[in-house]
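A short write-up of the structure that comes next.
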Amino acid sequence: MPQGQHTQTIVVGVDGSPTAAAALSWAVEEAARRGCPVRAVTAAPQDAPGYFVEGIAEQIDTVGRHRPGVALSHVYRTGAPGKVLVADAADAAMLVVGSHGVGRIVSVLLGSVTAYCVRFAGCPVVVVPNTMAVRETATAPMAEPALPGPLL
């Protein structure tokens, strides 16, 4: 595919965190609206512990069960997360990532991976805020579709 052209695939970064779960849920809901597939991407060291990988697989399976009509795949890559996500989303319709931060002041800042993706991705980037992670944890499964956070 020539550079600059995008597929309809939505790429989402997943790392097992509540914010990543919210980003995954948002991506799957958006894919259901668009009728397109989702590719969940995990970037971690090659020697990541087995429970880390299993926890992410469970998270993806849980979200996938709520939207069985959405084609949801998962790839595990080694390398720096920001670089891996940007490379994997090179031909994507969009890249979805969770924001970072837990405190009143810190929560307005983007995590380093998110900031890297916003700066270097060649496709639109959706940043799902921590507030959605809190709501998802409290109401899982989601009672209403996720709405996007700020689009940067």
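- Looking at heavy atoms from C-beta onward, V41 lies out of side-chain contact with L95 at the 4.5 angstrom threshold.
- Annotation for V70 and C36: closest pair CG1-O, 4.0 Å, computed over non-hydrogen atoms.
- Listed by chain and number, the residues in a ring pair (Phe, Tyr, Trp, His ring centres under 6.0 Å) with Y76 amount to none (sequence neighbours excluded).
- I60 contributes atom CD1, which lies 12.0 Å from atom CZ of R65 (distance to the nearest 0.5 angstrom).
- Of all non-hydrogen atoms in C123 and A93, the two that sit nearest each other are CB-O, 4.2 Å.
- Every residue meeting the side chain to side chain contact (heavy atoms under 4.5 Å, CB included) condition with A80, not counting sequence neighbours, appears here in chain and number order: K83.
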- Message: Using side-chain contact (heavy atoms from CB on, under 4.5 Å), reason through H66 and V28 one step at a time and then give a plain yes or no.
- Response: CA-CA 9 Å; H66 290 95; V28 169; over 6 Å; no
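- The shortest non-hydrogen separation linking V97 to C117 is CG1-SG, 4.2 Å.
- Transitive grouping of hydrophobic side chains (ILVMFWY, heavy atoms separated by less than 4.5 Å) keeps V125 and F120 in distinct clusters.
- Minimum heavy-atom separation, S99 to T19: O-CG2, 3.1 Å.
- Here the CZ atom belonging to R77 is positioned 10.0 Å from the OG1 atom belonging to T42, to the nearest 0.5 angstrom.
- In the hydrophobic cluster analysis, where Ile, Leu, Val, Met, Phe, Trp and Tyr join through side-chain heavy atoms closer than 4.5 angstrom, Y116 is grouped apart from V118.
- At a threshold of 4.5 Å between non-hydrogen side-chain atoms, the residues R67 and V38 do not count as touching.
- We find the CD-OG distance between Q59 and S17 to be 7.0 Å, quoted to the nearest 0.5 Å.
- Applying the salt bridge (Lys or Arg N to Asp or Glu O under 4.0 Å) test to residues at least two apart or on different chains, none of the pairs has a partner in residues 11-27.
- R34 contributes no side-chain N or O that, together with a main-chain N or O of I10, makes up a donor-acceptor pair within less than 3.5 Å.
- Shown here for L72 and G64, the closest heavy-atom pair between the two residues is CD2-CA, 3.8 Å.
- Hydrophobic cluster membership differs between V113 and V86, with clusters built from Ile, Leu, Val, Met, Phe, Trp and Tyr side chains linked at under 4.5 angstrom.
- What you find for I56 and G16 is that their closest heavy atoms are CG1-N, 3.6 Å.
- V126 is not listed as a side-chain neighbour of E30, based on a closest heavy-atom distance of 4.5 Å or more.
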